[in-house]
Amino acid sequence: MHRHDVVVVGAGLAGQRAALAAIEAKSDVAIVSKLHPLRSHSGAAQGGINAAIGKEDSVDTHIYDTVKGSDYLGDQDAIEFFCREAGPTVIEMEHFGTIFSRAPDGSLARRPFGGAAFPRTIYAADRTGLALLQGLYERLGTESFTMYDEWDLTSVVVHEGRCQGIVAFDRRRGSFEEIAAKSVVLATGPCGRVYGRTTNSHTSTGDGIAAAYRAGAALKDMEFVQFHPTALLESSILITEGARGEGGILKNVNGERFMARYAPHVLDLASRDVVSRAIITEVREGRGFPGPYVHLELMHLGKEKIESRLQEICDFCRTFAGIDPVTQPIPVMPAQHYMMGGIGTNIRGETNIPGLLAAGEAACVSIHGANRLGGNSLLETLVFGKQAGIAAAEHAARAPAPSVDPADVAKDAATVDAMMRRSDGEEPQHLRIAMQAAMDSKVGVFRLPEELTAALADVRALQTRYERVRVVDSSKSYNLNLTDALETGHMLDLAEAIVVGAIARTESRGAHSRVDFPKRDDANWMRHTLATRGPSGPVLSYAPVTYTRWEPKERVY
Amino acid sequence: MAASTTSTPFEVYRFDPSKDSAPRYDRFTLDLPAHTPVLTALLKIRTENDPSLTLRYSCRSAICGSCAMLINSKSRLACQTPVGPELARHGKIVIEPMRNQPVVRDLVVDQKPFWDRYRKIEPFLKTDARDPMPVGRENPMTPEQVDRFHETPRCIACAACYSACPAVEADPEFPGPMALAKLYRFVVDPRDKDSKNRLVRIQPEGLWLCLRCHLCTEACPKDVRPSERIRDLKEMAIAAAGVSEPGSRHAVGFKDNIAEAGILNEFKLVRQTYGPMDLLRQLPQGIKVARKKPEILKKPDPIEGLDEVRAIYKALDPDAEDR
């Protein structure tokens, strides 16, 4: 048995920032992660981090852009707090050692991004996530804390209405362990791998979101799934919005700059939901290339600009698609990219369970509402990671010692034991692939009621099959097949919550685009979806959106 | 757009120390388009053939650094290596765990030694209270100053360089290419207030153990070019601390020797490299070598074409005084 004041699960930007804040507040902190911190998916973020530090820009404009981008589903008090923290957060990361790209005068360079009125996105070439992850990891490395890396989270432990710690599986030793804690911060990232066509890493399986949901936490706005307009064909590797920020142009099979018809003012730099819908519409109406796909052209930017500002993109295109973006257009299609929804929290990262907190993409505060703006997610990890760390340390300072029960570990161990002893059963990877196929084909950019209903039936059938999941690998040492099984179980629960939320929401808002309800319906749907786990699936309820200064308007780009 | 596929044989290293007495190689044959990344093939094996095949992987886009392994004996990222060229060159694809790190299971290695050596270089920005950072704004840094990092910020800590490095294998004191490239990143950082001390400290702590074989640069999937950064560190270390270490004395002595005669005077070089105490310690080895190769004790005759050698020196360093 292990015991700490604060346990942070996940070691990406949100988790590390939470840990740092809790350490600075004098808590005894442990980080539990299935990956080494530098292997976290935060490192894959490319384009940049928003802060209205330019002379022409203002915090109010950043707030307005974020509110508008969210299609008025973001909580305005949270967005105000978030945008005010942006400047100090970026400066702090610079002071920690992050190597940002610079303007000729030595200040932080900024690039234009979709949905933003001014160039507001601070960047490190096209590897901003990696630069921030390195800077924060190096800073955190000067502090003392306990690291449990390559441990899989299996349960959040709740007794007496309070969070008491977690149960996790130590891959190296092959054992289940309880880690008792007064506060637990879940910063485990998204569940993008419920989709097959996703820009997310293979390990983005929503383990923390699922564990919170199973422990009684409410999930918020799970139906809002962002599809990034420009993922590389076939591999779905992300081509940053920064490519369009630097001047890249989308074209259809006729060579037409089609965004002129969808967003006449800002063209290719419209909000992501708008651009993704435009691409899918072009393809459906026969103006895509056979594949299907559309072109992202960078050639006119010139070799020097492409190779200096979009270095990783050049490498990706050359390595993974055999395309040289200096001389050839890049074939792209929208792919799942970001979960606006997640574990419902307030501004301090607190959930509906005392002692359980969440931050980063695993959480939903909500800043992004129905659609996230590019450059706001890296900022979110740091701003709300820090808040969650502070709140976790405060809670730990006044909470009683956690009460744990040997049954907590025994339960998870028994579940897995049954999987390993099953001589005949379902392969976890086969269930995962079937789930991804259902989500890709039926819960995409445009949503039809009959497809959503069919997807729910598919997911529930897979949940039934999952009851007979088996782990064929019998080894105690680094049993990845066991991880496959745990992750697939987590994702099936979350896929169900996404689809149930999407069926219920009979309007189109941000990234949730219902073909049968094409308009936003503020009278009935200006509210957050909350999903809690019932005996036969998610039970939905709704919560109001917080408004301060910005009245809902039609969203035009 | 279905690409044509080719029958692609794989031989994959398998070893579970908790069960197996010795490693074995499992054979799989897959029909794959030539551009398929090795990682995709390995995941196909996990899904379709053997779910117990164990490896580290995450992002599949060469940014998380998880999937470094030996592919036909070269340390590479599996996600970044297409099967086609490997098959064309080797007729099969042999997959093994990285070198210089003990095997945990199959392709998963224990990276603790790698991280331990990395931590030894103190990989964090060192500030100085007497020279504080600006309040409420960023430290100014010009694009030219950012360029001085070269490609070191691209490092994804995959350890391919560490796996490829013979000095890592030979000497536990050697920090390794990644750690030294990281050290370089801090040394050139205008915000770091300990750059000079870092250069002084690293000399006895392994900087000169690099063999200059450049295998790290060949292995690096992100073009960080660790060996070039190590070379830069050596130059900066001499500039900062003078020629005070056996390593730097050896490098400078080597250079002077060649300038003098166009050929190495090995006996002289040993004397130039080591101080009297170290020289004594080297004596038994020296005697052994001198017995086998007595000519090393003799001053070699200058080579023909010494003028040309000197012309090269002159071209490389026009300001150097004439000999």
Side-chain angles (χ1 to χ4, degrees), chain A residues 35-36 38-41 43-44 88 90-91 94-97 99-109 124-125 127 129-131 134 138-139 141-142 172 174 201-203 235 237-238 290-291 311-312 315-316 319-320 322 427-430 433 471-473 475-481 484, chain B residues 1 16-19 35 37 40 43 46-48 50-66 79-80 82 104-106 108 110-111 115 119 123-125 127 133-134 136-143 145-146 149 151 153-157 185-186 189 191-192 222-223:
Chain A
L35 299 169
H36 183 281
L38 284 177
R39 316 243 179 266
S40 303
H41 192 50
V90 171
I91 300 294
E94 196 279 331
H95 286 190
F96 285 175
I99 302 167
F100 288 109
S101 296
R102 299 295 179 136
D105 70 354
S107 64
L108 299 171
R127 47 171 181 274
L130 182 66
Q134 289 171 348
E138 287 154 11
R139 171 67 186 82
T142 65
R172 289 287 287 277
S201 67
H202 285 285
T203 47
S235 63
I237 287 172
L238 175 64
Q311 195 176 24
E312 303 292 331
D315 275 10
F316 292 157
T319 308
F320 299 107
E427 302 285 346
Q429 293 299 67
H430 296 176
I433 289 165
V471 174
V472 296
D473 186 350
S475 178
K476 276 280 188 188
S477 165
Y478 215 99
N479 191 327
L480 204 59
N481 191 208
D484 296 336
Chain B
M1 276 214 323
D16 181 349
S18 74
K19 297 162 92 176
H35 69 272
T40 305
L43 297 186
R46 292 197 75 236
T47 303
E48 293 173 10
D50 186 351
S52 74
L53 173 62
T54 304
L55 66 151
R56 286 197 182 97
Y57 65 97
S58 182
C59 77
R60 61 77 169 85
S61 57
I63 202 74
C64 76
S66 298
C79 73
Q80 206 192 29
V104 172
R105 181 175 171 196
D106 295 351
V108 173
D110 181 1
Q111 299 205 288
W115 292 116
R119 263 188 292 275
F124 46 86
L125 206 60
T127 52
M133 288 192 175
R137 61 180 182 83
E138 70 271 34
N139 294 281
M141 202 191 289
T142 62
Q145 284 175 313
V146 173
F149 291 106
E151 304 294 309
R154 293 187 78 193
C155 175
I156 54 173
R185 169 252 171 280
F186 287 102
D189 193 323
R191 299 167 296 186
D192 192 86
K222 304 303 283 188
D223 209 25

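All chains are named by letter (A, B, ...) in the order of the sequence lines, taking the proteins before the strands, and each is independently numbered beginning at 1.
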Heavy-atom contact with chain A under 4.5 Å, split by part of B:I156:
both
Just give me the residue among B:G65, B:C59, B:P134 that pairs up with chain A most often, heavy atom to heavy atom, under 4.5 Å.
B:G65
Among side-chain atoms of B:E48 and A:Q429, is any donor-acceptor pair under 3.5 angstrom?
no
Taking every non-hydrogen atom, the tightest pair across A:L130 and B:P153:
CD2-O, 3.8 Å
Any idea how B:W115 and A:H36 line up, ring-wise: parallel (<30°), tilted (30 to 60°), or perpendicular (>60°)?
parallel
Go through A:I99, A:L35, A:T203, A:I433 and name the one with the most non-hydrogen pairs under 4.5 angstrom from chain B.
A:I99
Step-by-step side chain to side chain contact (heavy atoms under 4.5 Å, CB included) determination, B:S52 to A:N481
CA-CA 6 Å; B:S52 74; A:N481 191 208; 5.7 Å; no
Value rounded to 0.5 Å, distance of CG in A:D473 from CG in B:L53
9.5 Å
Residue part contacting chain A, namely of B:V146, when any heavy atom lies under 4.5 Å:
side chain
Assert top hit (heavy-atom pairs under 4.5 Å, partner chain A, pool B:R56, B:K222, B:Q80, B:R119) equals B:R56
On a heavy-atom basis, the closest approach of A:V472 and B:P51 is CG2-CG, 3.5 Å
Shortest non-hydrogen separation from A:S475 to B:R105 and the atoms involved
CB-NH1, 3.3 Å
Comparing A:R127, A:H95, A:R172 against chain B, the one with the most heavy-atom pairs below 4.5 Å turns out to be A:H95
Residue pair B:L55 / A:L480: nearest heavy atoms and the distance that separates them:
O-CD2, 3.3 Å
Are the side chain of B:R191 and the backbone of A:G97 linked by a donor-acceptor contact shorter than 3.5 Å?
yes
Close side-chain approach of A:R39 and B:Y57, heavy atoms under 4.5 Å
no
So which of B:C155, B:P82, B:A62 has the largest heavy-atom pair count under 4.5 angstrom toward chain A?
B:C155
Check whether B:Q111 gets within reach of chain A through its side chain, its backbone, both or neither, counting any heavy atom under 4.5 Å.
side chain
Are any of the side-chain nitrogens in A:K476 or B:D16 under 4.0 Å away from the carboxylate oxygens of its partner?
no
Check whether A:F316 gets within reach of chain B through its side chain, its backbone, both or neither, counting any heavy atom under 4.5 Å.
side chain
Out of A:P428, A:S235, A:G174, A:A109, which one racks up the most heavy-atom pairs below 4.5 Å with chain B?
A:S235
Please classify the contact between A:T142 and chain B as side chain, backbone, both or neither, with a heavy-atom cut-off of under 4.5 Å.
side chain
Exam field: side chain A:E94 to backbone B:E138, donor-acceptor pair closer than 3.5 Å:
no
Flag, side chain of A:R102 to backbone of B:T142, donor-acceptor distance under 3.5 Å:
no
Considering only heavy atoms and a distance below 4.5 Å, find which of A:Q134, A:R139, A:E427 pairs most often with chain B.
A:Q134
Most chain B-contacting option - heavy-atom pairs closer than 4.5 Å, from A:A131, A:A124, A:P104:
A:P104
So does B:R60 get a backbone contact from the side chain of A:H202, meaning a donor-acceptor N/O pair under 3.5 Å?
no
Check for a donor-acceptor pair, side chain of A:H41 on one end and backbone N or O of B:S58 on the other, with a separation under 3.5 Å.
no
Which atoms of B:S18 approach chain A - backbone, side chain, both or neither, heavy atom under 4.5 Å:
side chain
Which atom pair, heavy atoms only, marks the closest approach of B:T47 to A:H430?
O-NE2, 3.1 Å
Does B:R137 use its side chain to pair, donor to acceptor, with the backbone of A:S107 at less than 3.5 Å?
no
Among B:D106, B:I63, B:D223, B:D189, which residue has the highest count of heavy-atom pairs closer than 4.5 Å to chain A?
B:I63
Is B:R154 paired with A:D315 through a side-chain N to carboxylate O contact shorter than 4.0 Å?
yes
Any heavy-atom pair between the side chains of A:E138 and B:L125 that's under 4.5 Å?
no
